[in-house]
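Notes follow the structure.
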Amino acid sequence: MRAVDCIIRKRNRDILDAADIESFIQGVVEGSIPEYQAAAWLMAAYLNGLNFDETAALTRAMMTSGDQFDLSAIPGVTVDKHSTGGVGDKVSLILAPLAASAGVPVPMVSGRSLGHTGGTLDKLETIPGPSNSKSGYNPYLTGEQFARQVAEIGCAIIGQTDNFVPADKILYALRDVTGTVESIPLITASILSKKFASGADAFVMDVKTGSGAFMKTPEQARELAETMRRIGDRVGKRIVCLLTDMDQPLGRWVGNRAEVRESIDVLRGGGDERLRELTVTLAAWMMRLAGAETDLEQARQSLDANLKNGRALSKFKKMVAAQGGDPRIADDPGLLPLTENRYDVVADRSGSLAAYDTYAVGVASMLLGAGRQKASDTIDPAVAIEVHKQIGDPVQAGEPILTLYYNDEAKRAAAREALANAIRLEDAPVAPPPLVREVIGDGDATDQ
Ligand code: URA
C-alpha cells in the first residue's frame, strides 16, 4: 500500500493490516516515507485511534526496526521493570540488585532524563570509577557483555544502543512537535517496542499517576495499563502493571548523585519508607513473574531480609564494579558529593502538607541543572532538592519543606520561582495518598 493510502485509511477510520503497518514503519525508518507523511499518519492515528491488533502490529514493527538484545543464553525467566516516569523515581537502582539477590535475572535497559522526569542512566553515570581512573559507571555494554553479566551477577543496567528501536526515535521526535504525544496506542507502542527489543521475558510496569506523572488521573493510567497488558498478550510477553502514586516526589531526594546516595541508604536496610515499600512491592511481582516465589507475602519477607542482611547491597556493589564504577561509593557517601550552597523553601504558615505540584518540583530540579530541557543539555550531578515533608505531615510556620542544593544563583532563583505555587498547606489533617492504587494483570497470558 502507498504511504498516502495508509494515511487516508486511518483518516477514514478504517482498520490497517499488520503488513501495511509493518511496511509503513519500514519506509519511515529507511527514509523512503518522508517525515510529513509520517506526521500526517500520526495525527490520523492520534485522532481516530488504533485498535489492539493495530497497536500490537505497530509495536512489533517498531521493535524489529533496529538492534534487539538476544538474552536466550541467560538461564531462567528474565524480568525487567519500566516506570512511565516520575520525580525522584530512583527505584531501578535499588530494584535490579534487590530482585537479583532473590534469584530473579534482571536485564534492565534504561533511559535518560528529559523534561521534568529523571533518568536512571544519568543517576548511574554520576558513579565515579576506582581511584586514578578517569571513567566511571559504563552503561554501554555489548549484547554479549549484557547477557554475560546478568548470567554471572544477576543484574545489569544499561543504555540503548544508537540503533535501538530507530522507529521510536523518529516517531517520538515527530510526535513531540506535532501535538501527538498524548495518545494511549502511540505511547503503548513506543514504550513496549523498546521494552520488548531489550530482550527480557516478562515485565513489571510501574504506571505512575498524579501531578508529577504523564498520566494525571487514575483513569488515564488504568487505560494505559490495560492497553499495555493486552499488547503484551498479543506479542507473547507477560506484563503486570502497578498503578502507583506520583502526587508527590518519591523518597526524600530529587537529583542525580543525591538519588544514588538515597538508593544506597535503602539497600543498607534504611531510607525512606514509601520508597522502600514501593521497591519491595515491585520486586515481589518480579519474583512471581520469574517463578522465584509465587506467594507475594513470602516474596516480600525474603526481599526485606535481603535489604537487612546485605545481600542486595552486595549485588549492587558487584554490578557497579562490573560496569566500571567504584563499589566503595556504597560505604562512603563522600565519594558522591553534593553542592555546598543550600537554600530552604520554608512554610509560610502552619498546617498539614496537603498537596505538591510534583510537576513543578521536577521542573525546579531540571532548572537547577539536574535534568534536561532538550536531549543535548548536560546535567550537573551535584545539584538536588531535598524533600523534608511528605503529604500528611504536620508543618510549623518557618520550617523548611524543601532544600535546594545549587551551584548557580540564577538557576536557584529560576527553580525557586518554579516552586512558587508548588506546595499547599491546609488546616485539617490530610491522609497520605495510597502508594499502590491498583494492580492490573497477574502475569499470566489472558488474551482477549
Ligand atoms: N515514554 C515513552 O517511551 N514513549 C512515550 O510515548 C511516552 C513515554
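First listed ligand is number 1; within each ligand, the first listed atom is number 1. Side chains included, hydrogens not; waters and symmetry mates left out as well; all remaining heavy atoms used. Here, residue 1 is the first one in the sequence, and each next residue gets the next number.
Among all protein heavy atoms, the one lying closest to atom 1 (N) of ligand 1 is Ile191 CG1, 3.8 Å. When hydrogens are left out, the protein atom nearest atom 7 (C) of ligand 1 is Phe214 CE1, 3.0 Å; that is the closest non-hydrogen contact. The nearest heavy-atom contact from the protein to atom 4 (N) of ligand 1 is Ser190 OG, 2.6 Å.
Closest heavy-atom approach to atom 6 (O) of ligand 1 within the set Lys194, Arg175, Lys195: this belongs to Arg175.
In this structure, CZ on Arg112 lies 10.0 Å from CG on Leu124, to the nearest 0.5 angstrom.
Exactly one residue among Met366, Arg372, Lys123 makes a side-chain contact (heavy atoms from CB on, under 4.5 Å) with Ile379. That residue is Arg372.
Using a distance-only test at 3.5 Å, with no hydrogens or angles considered, no donor-acceptor pair links the side chain of Arg276 to the main chain of Asp304.
Atom CG of Asp162 sits in a sparse spot, with 12 or fewer heavy atoms from other residues, nucleotides or ligands closer than 6.0 Å.
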